[in-house]
There are 2 protein chains.
Amino acid sequence: MQNRIKELRQKHNFTQDELADRLEVSRQTIISLEKERYNPSIVLAYNIAKLFDMKIEDIFIFEEGEQNG
Amino acid sequence: MQNRIKELRQKHNFTQDELADRLEVSRQTIISLEKERYNPSIVLAYNIAKLFDMKIEDIFIFEEGEQNG
DNA sequence: ATTTTATGTCAAGCTAACTTTACATGCTAC
DNA sequence: GTAGCATGTAAAGTTAGCTTGACATAAAAT
C-alpha cells in the first residue's frame, strides 16, 4: 500500500512533530508511515483523512489483491 | 467504532464462511469483527468496502476522538 | 434420530502497529 | 562554532489484528 502522508503534510506546512501531535501519535509513527514501513490502523487512517479533509481511499492507495494484516 | 458488517453480509445472503473466503480471512476474524471485538486492519477494511461496493466510511462508523491502535 | 449447516466460545500463538528512549545528520541561524 | 530545528535510524517493549484448532449449540434437512 502506498500513501500520500508526506506530500499532504508538506502541503499543509506541518512538521512531523506537529502532525504527530495533532493525530495524538508519536513522531516515530509518522516517520514509519511516511516511509511506508507499516500501515496505519483504520482509526489512525480515519483521523488522518479527517485532518486533511479527505476520504481514506484518496490518501491510501491500495494495490490489487493486497493481503490483510 | 461500530460497523455494519453483519447487516451487509446478511443483505447479500452470505454466510460467515462465505464472507471469510471472499475476503481471504478466517471465519474467526469475521465473527470477531461482527461482534466488534476489534477493528479490522485498513487493508481488510478496504477489501470489505470493495466487496460491498461502498466507501470505508460508510461501513465503519467512527466515534468522536477515537483513540488509535 | 442423526447428520449437516450456521453461528458461536475459548485458548494459544504469531506478526503488525504503536510507544519510548537514545543517538546521528544536515541545515540555518545567530 | 555551537545551538536549535527537522528529519532520520535503531532497539526493545506492549497491545491489537489475525490464525488455527477444538469444542458447543440450535435449527434445518434428510
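Here is how names work: the chains are called A, B, and so on, in the same order as the sequence lines, proteins then strands, and each is numbered from 1. All figures in this text were calculated on a predicted structure; none of them were measured in a lab.
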Side-chain N or O of S41(A) closer than 4.0 Å to phosphate OP1/OP2 of dC18(C): yes
Protein-nucleotide distance (D17(A), atom CG; dT20(C), atom C1'), rounded to Å: 14 Å
Heavy-atom check, side chain of Q2(B) versus side chain of F60(B), under 4.5 Å: no
Parallel, tilted or perpendicular: ring planes of Y46(A) versus F62(B), cut at 30 and 60 degrees: parallel
S26(B) side-chain N/O to dT19(D) phosphate OP1/OP2 under 4.0 Å: yes
Euclidean distance, atom CG of residue D21(A) to atom P of dA6(D) [Å, nearest integer]: 12 Å
Distance below 4.0 Å between Q28(A) side-chain N/O and dC18(C) OP1 or OP2: no
Nearest listed nucleotide, side chain of N39(B), among dG17(D), dG8(C), dC10(C): dG17(D)
Separation of atom CD in E36(A) from atom C1' in dT9(D), rounded to whole Å: 18 Å
Pairwise side-chain contact, L19(B) with V25(B), heavy-atom cut-off 4.5 Å (strictly under): no
Integer-rounded Å distance: dT7(C) P and L33(B) CG: 15 Å
Interatomic distance, Y38(B) OH vs dA17(C) P [rounded to whole Å]: 14 Å
N or O in side chain of K35(A) less than 4.0 angstrom from dA10(D) OP1/OP2: no
Rounded distance in Å - CZ (R37(A)) to C1' (dT9(D)): 7 Å
I56(A) to A49(A) - nearest heavy-atom pair and separation: N-CB, 3.8 Å
For atom CD1 of I42(A) and atom C1' of dC18(D), their distance in whole Å: 15 Å
Side-chain N,O (K6(B)) to OP1/OP2 (dG8(C)) below 4.0 Å: yes
Distance, nearest 0.5 Å, that separates CG of N3(A) from CG of N39(A): 8.5 Å
Position toward the 5' end of DNA chain C (nearest nucleotide), V25(A) or T15(B): T15(B)
Nearest listed nucleotide, side chain of R9(B), among dT7(D), dT7(C), dC18(D): dT7(C)
Nearest-angstrom distance from the residue atom CZ of F14(B) to P of dT7(C): 12 Å
